[in-house]
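Chain letters run A, B, ... following the sequence lines, proteins first and then strands; every chain starts at 1. Just so you know, these numbers come straight off a predicted model, no measurement behind them.
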There are 4 protein chains.
Amino acid sequence: MESLSNYLIKGIDKEKKLTLKHQKILIAAIELISEKGYDKVATSEIAQRAGVAEGTIFRYYKTKKDLLNAIIVPSYIKFVAPMCINDFMEEVLEKDYHSFRALICHIVDDRIEFAKREELTIKILIQEFISQKDTREEIKEIFIDNAYPRVNKIIYRLKEKGEIIDIYTGEVIRIIISNIFGYFIQRFIICPELNYDDKHDKEVIANTIIKALAKEK
Amino acid sequence: MESLSNYLIKGIDKEKKLTLKHQKILIAAIELISEKGYDKVATSEIAQRAGVAEGTIFRYYKTKKDLLNAIIVPSYIKFVAPMCINDFMEEVLEKDYHSFRALICHIVDDRIEFAKREELTIKILIQEFISQKDTREEIKEIFIDNAYPRVNKIIYRLKEKGEIIDIYTGEVIRIIISNIFGYFIQRFIICPELNYDDKHDKEVIANTIIKALAKEK
Amino acid sequence: MESLSNYLIKGIDKEKKLTLKHQKILIAAIELISEKGYDKVATSEIAQRAGVAEGTIFRYYKTKKDLLNAIIVPSYIKFVAPMCINDFMEEVLEKDYHSFRALICHIVDDRIEFAKREELTIKILIQEFISQKDTREEIKEIFIDNAYPRVNKIIYRLKEKGEIIDIYTGEVIRIIISNIFGYFIQRFIICPELNYDDKHDKEVIANTIIKALAKEK
Amino acid sequence: MESLSNYLIKGIDKEKKLTLKHQKILIAAIELISEKGYDKVATSEIAQRAGVAEGTIFRYYKTKKDLLNAIIVPSYIKFVAPMCINDFMEEVLEKDYHSFRALICHIVDDRIEFAKREELTIKILIQEFISQKDTREEIKEIFIDNAYPRVNKIIYRLKEKGEIIDIYTGEVIRIIISNIFGYFIQRFIICPELNYDDKHDKEVIANTIIKALAKEK
DNA sequence: TATGAATGAGTCTTCATTCAT
DNA sequence: GATGAATGAAGACTCATTCAT
């Protein structure tokens, strides 16, 4: 099985030009896995929905697990990527009095929009992250190597500027992630049958995080 | 398979006096499932760790799924039960200015202590709830039937008294649950290798929830 | 496993005084096996319906197969017995012109009455005879050893007297049995939901056999 | 499991070109089931005799029961089919004085020849029909839907023409079937070790049926 | 004598993976 | 590249039988 790290390096630009069959396989896999979960989907089922022979899947992915990674990892990376881009954060942080609010509002808005676009893969990402130990370990590793140092620096800066309260970085991250992913889980997994008012929801989530973290002045 | 609702009614006190083998099976199952996840554990493996013939498992549980339920459901019920007890909440709510803070502090403290005691089953509960659709549906149903009406009433009262902000009940619940379970997931699933300072953590979580929900006065 | 022959010898008078539990086991077994077939009934099921512990069954019958034999064999023996009793047949045969008709009518009437009384065991007998090779072999052996010589003699006598046509004994037997058991199979196995007019049915069956076998004069 | 009715419609011509392994599986299954009965044969045993992996069986038949149906149903249909063909019967019935005799002789001859060709499947058919309730129900249903109306009409016609005695259709059918299948049971199941003189046997069976049913003139 | 918990071999079935075409 | 038949290990579950109490 190829490791997630490999995907991180060479994975993304792979998507340039997939063959039609390859695309169909990916789409079928994403649909089915998001419906039933990785372990509950047979490769034969994916092949059937993709209109492809079962063997063909194994031309593109040496193992079933690789196929899962091909779905999860890019999605994960795209999800975390913004936090790895220097300029964006820096810029936000240099701004005026409202910068922390602006930062959180931006993150919440951006990530919810992203999750709406990639609903199925986000759903898979969450489910596999929670239930598959190895997937979790690999994603965790990617996070620690790539996103964490940067995020840590940003949070450190915010604390210095007196924008946020003085709790551990891990806690700040947990509070942000819990509230955003708590929403995803409610919306995409527990109650997908309800209607959601994006604008209202974003506001509530952003406010929750801001009130929890912002330093009272 | 017996329905979860049956467990709700008659399940808990069942644990009076299990035979030794029965206990061993439960313990082995809890350990293994919490380590690897329900689908990844074979009944033969459970039997082996329990020092019991495979067939013996099926004397106690008609199906493997029943065994899972015997683990998950009591745990879930005990987790949710406090919210179903009238007196407790009522009492807290009648208190003075600090009542909402007291309520949240109590819930957070109580549930974290509970989760520490039942770490393995809580872990299983979370993982299966997220990854198994049917488990989720059943638990959801129990919640809607039993806890929701009561919780709704309490939240309504808090809103009336001007203690908490005016957002939907679902959102209040999500914020509370996200932050508590977000902590559990971090502590028990993602980073179980770290040390945790209970007192500090409870404070941070309680504060997060309170700041997010309390009405500014 | 005890052989059928043993039952033949010592089996019947066994029924003198069965304990209550023993009786209940037999009754439960007969009901269940006639409903579902020997292989489809679990000993645990029999024990349950009999209100007896599973182990108790094995006090009375060393194996499950022995239990089946205890049901089948007496039923078979009672079914075949009349043909082994000298006096009855002799007597009939000595009678006047209508003797062959009388014989067949008597057999048909007698065996149908018997089958009605013992419907469940007859049903079991037929089913197991057809589907279980070893049961069949044992019953066949009993027939060849006990009933056949006698029956053969009777048929021979009837041929001599010009009452019946000159075909092989085996064929005579087959024609009689086919038509009687064909009726049982229809009545008890294929269409048990219909109502049956005993008098009419006996007539039809007897006539069928008589017309087929009687020598035209 | 595909319903028997589906087999009725599309099943027969399926046999065009089975793969070699498929054929081997069918042959092994037919042999083993006819020897020991469906319930007594393990799929692993079939696989072994067929020289095939056990899993291969399940590529061709979703369940073991489906495999049984694949054997029984075509055999049953071919057995009953002649009675569903208009022209044949019509033609026979239009004939002269000997038409009823001709009809029965034809049926007896034809069906015995068929049974000789398909001895093993006929054996399976009989055994499973008698012992498996669900198989019986399905075959019964097919008979009632397809063959019965046609057979009923023919019998009605024969009665009108004064060819046969006035008894219920069900009885006519039973007499015919009992005598033909009684022969099969004797020949293929009870005493397969004997030699049979086809010509003689056919005559005896046909005569039995004719004498039983024909109206004396 | 009666129990019923325990056994473990045996059953059907699934499915990721391989490979000859 | 693409196929899909074939594999066989592994899975959940059943049940006649035993045996300590």
Side-chain angles (χ1 to χ4, degrees), chain A residues 1 19-22 25 38-48 50-68, chain B residues 19-22 24-25 39-48 50-67, chain C residues 1 19-22 25 38-48 50-68, chain D residues 19-22 24-25 39-48 50-67:
Chain A
M1 192 189 70
T19 62
L20 187 63
K21 300 234 171 197
H22 193 163
I25 289 169
Y38 172 75
D39 284 321
K40 296 276 177 40
V41 179
T43 49
S44 63
E45 218 177 342
I46 295 171
Q48 195 178 23
V52 148
E54 205 172 350
T56 306
I57 292 173
F58 292 89
R59 284 224 147 280
Y60 292 106
Y61 304 99
K62 267 190 83 58
T63 68
K64 191 190 174 194
K65 195 73 207 297
D66 273 1
L67 171 56
L68 179 65
Chain B
T19 61
L20 186 63
K21 301 236 173 197
H22 193 164
K24 279 186 179 169
I25 289 168
D39 284 320
K40 292 281 176 37
V41 179
T43 51
S44 61
E45 215 177 344
I46 295 172
Q48 195 177 22
V52 147
E54 198 171 358
T56 306
I57 292 173
F58 293 92
R59 284 202 78 69
Y60 293 106
Y61 304 99
K62 268 190 82 60
T63 66
K64 190 188 172 195
K65 194 75 207 294
D66 272 2
L67 171 55
Chain C
M1 192 188 71
T19 61
L20 187 63
K21 301 234 173 200
H22 194 162
I25 289 169
Y38 173 74
D39 284 319
K40 295 278 177 38
V41 179
T43 50
S44 63
E45 215 176 344
I46 295 171
Q48 195 179 22
V52 147
E54 204 171 350
T56 307
I57 291 173
F58 292 89
R59 282 223 148 284
Y60 292 105
Y61 304 99
K62 267 190 82 59
T63 67
K64 189 188 172 194
K65 195 74 209 290
D66 272 2
L67 172 56
L68 179 66
Chain D
T19 60
L20 187 63
K21 301 237 171 194
H22 193 165
K24 280 185 177 169
I25 289 169
D39 285 320
K40 293 279 178 36
V41 179
T43 50
S44 60
E45 214 177 342
I46 295 171
Q48 196 176 24
V52 148
E54 201 171 355
T56 305
I57 292 172
F58 293 91
R59 283 203 79 70
Y60 292 106
Y61 304 99
K62 265 188 87 57
T63 66
K64 190 188 172 194
K65 194 75 208 297
D66 272 3
L67 171 56

[Y] side chain reached by [X] side chain, heavy atoms, under 4.5 Å:
| X | Y | result |
| --- | --- | --- |
| C/Ile46 | C/Leu67 | yes |
| B/Asp66 | B/Tyr60 | no |
| B/Phe58 | B/Thr43 | yes |
| B/Lys40 | A/Asp39 | yes |

Result for 5'-nearest mapping on DNA chain F, choosing between D/His22 and B/Lys64, is D/His22
In numerical order, the residues of residues 39-47 of chain C whose heavy atoms come under 4.0 Å of DNA chain E are none
[X] [atom1] to [N] [atom2]: how many Å, rounded?
| X | N | atom1 | atom2 | result |
| --- | --- | --- | --- | --- |
| D/Gln48 | E/dC12 | CD | P | 13 Å |
| B/Lys65 | F/dC13 | NZ | P | 11 Å |
| A/Leu20 | F/dG1 | CG | C1' | 14 Å |
| B/Lys62 | F/dT14 | NZ | C1' | 10 Å |
| D/Ile25 | E/dC12 | CD1 | P | 14 Å |
| B/Lys24 | E/dA5 | NZ | P | 17 Å |
| B/Tyr60 | E/dG4 | OH | C1' | 10 Å |
| C/Phe58 | E/dA5 | CZ | P | 15 Å |

The Watson-Crick or G-U wobble partner of E/dA20, with both key distances under 3.5 Å, is F/dT3
Taking N or O atoms only and anything under 3.5 Å, show me the protein contacts with nucleotides 7-9 of chain E, one pair per line.
from	atom 1	to	atom 2	distance (Å)
E/dT7	OP1	B/Lys21	NZ	3.2
E/dT7	OP2	B/Ala53	N	2.9
E/dT7	OP2	B/Thr56	OG1	2.5

